[in-house]
Amino acid sequence: MLMKKIPIAKPFLGNEEAQAAYDTILTGWVTQGPKVAEFEERFAEYVGAKHAVALSNCTTALHLCMLLAGVEEGDEVICPSMSFIATANSIRYVGAKPVFAEVGEDFNLCLEDTKKKITDKTKAILLVHQLGMPADIESFTAFCKDKNIVLIEDAACAIGSDIEGKRIGSHSDLVCFSLHPRKIITTGDGGMITTSNDAYNEKLRLLRQHGMSVNDRKRHESKKVIFETYDVLGYNYRMTDIQGAVGVEQLKKLDTIVTERRRIAYWYHDKLAELEDKIRLPRERKGIKSNYQSYQITLLDHVEQTVPDIMQAMLDKGISTRRGVMLAHKEPAYTSDNNLDLPHTHKMNTRSMILPLYLGMTEEDVDRICNELKSHLKG
Ligand SMILES: Cc1ncc(COP(=O)(O)O)c(C=O)c1O
């Protein structure tokens, strides 16, 4: 009998998104326009922020946040090494130095270690809500306020996660989301910044479109001839209207997606509970809700098996898994940081792996994955 393959992830897209893209193409307006504006409005409303500014991806969103925070050459920004490389790269884009701090058991930045890394050059902290699990935003906000440091949130994975019912995106004024297909909702590629700061909102709209004083849509609709000026050094970080239209449809499904992902994560919690003497499960702290963008487990110290061995054994049985979140400081692009001493981060990275989680998975799929994992963790 043919073995059913279980992938690691699948975007949840359907006829609604296809129709929306089709309809938008036929309007003849395909670059940033009314659909992007509608997507932004709905996104802001969903997270509970005053504004949402759509961008080409989360990496460009992070870059613009660095500019708004006034981060420049000679400054330091503290962030976790355990994150997708774009987190640290965004700091380097403005000539500043990423200073890597340890993560805690939830894979999020550790406040105690962050405190040790503060210098008189620290301009900002880039707090990642890793894999959709909300970081301790309250403590970081209080700390940053006290030290007069800017807080930027990398919420690439965290749309739909919340803390005591308050959604990620509404806690601070520079929050960046990703709409890559590996995330909770997608526009192919795409990014969003949420803010309740009017000045930031205006500046972001200028920066994402070449620093242009009057955008192309306004000129197109104007009854009078108007000329634009280019007031600041800007970028082309726009989202297309085709993507905006897809985003509007994805947002309509977001509650369903998050509810379903949480249901699958809780199947994992239940079925793997008997292994908690061997692995740590990604359980939520009291009062917080993860969207479970990924389900990452960690092998405890005394477990002899290695992550690559288990991953290979599972792949041989048709089950895709992924290594735990990468470490930026170990990459060739970060040679001068390669030997940094981050023991906990390093251990978490070598001992972690991600299990499949996507809409359409059945409880039988989860059973099969858990049984396979159990069989490799015997003894
Ligand atoms: C934590 C984190 N930050 C930033 C990014 C970059 O997102 P994008 O691909 O939308 O640029 C990712 C993407 O994987 C991510 O996981």
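Start at 1 and go down the list; that is how both ligands and their atoms are numbered.
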(request) Determine whether Ser196 and Asp173 make a side-chain contact, defined as any pair of heavy atoms from C-beta on separated by less than 4.5 Å. (result) yes
(request) Taking the side chain as every heavy atom from C-beta outward, state whether Leu300 and Asp277 have any atom pair closer than 4.5 Å. (result) no
(request) Report the distance from atom CD of Gln243 to atom CG of Asp189, rounding to the nearest 0.5 Å. (result) 7.0 Å
Decide whether [X] and [Y] meet the rule of one side-chain donor and one side-chain acceptor closer than 3.5 Å.
X: Tyr237; Y: His63; result: yes
X: Thr240; Y: Thr31; result: no
X: Asn338; Y: Thr335; result: no

In ligand 1, which numbered atoms sit nearer than 4.0 Å to a non-hydrogen atom of [X]?
X: Ser83; result: 1 (C)
X: Gly190; result: 10 (O)
X: Val128; result: 1 (C)

(request) May I ask you to check whether Tyr334 and His329 place their ring centres under 6.0 Å from each other? (result) no
Winner among [options] once heavy atoms are compared against [atom]:
atom: atom 13 (C) of ligand 1; options: Lys183, His180, Arg182; result: Lys183
atom: atom 7 (O) of ligand 1; options: Cys157, Cys58, Ala88; result: Cys58
atom: atom 2 (C) of ligand 1; options: Ala156, Ala86, Ala155; result: Ala156
atom: atom 3 (N) of ligand 1; options: Thr187, Thr186, Asp154, Asn57; result: Asp154

(request) Starting from atom 11 (O) of ligand 1, find the nearest protein heavy-atom neighbour and note its residue, name and distance. (result)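 Here the closest protein heavy atom is Thr59 OG1, 2.5 Å.
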(message) I need the nearest protein heavy-atom contact for atom 10 (O) of ligand 1: residue, atom name and distance, please.
(response) Ser178 OG, 2.7 Å
(message) With a 4.0 Å cut-off on heavy atoms, is Cys176 in contact with ligand 1?
(response) no
(request) Inspect the surroundings of CG in Asn15 and state if more than 12 heavy atoms from other residues, nucleotides or ligands are less than 6.0 Å away. (result) no
(message) Is the contact between Thr87 and ligand 1 made by the side chain, the backbone, both, or neither, using heavy atoms and a 4.0 Å cut-off?
(response) side chain
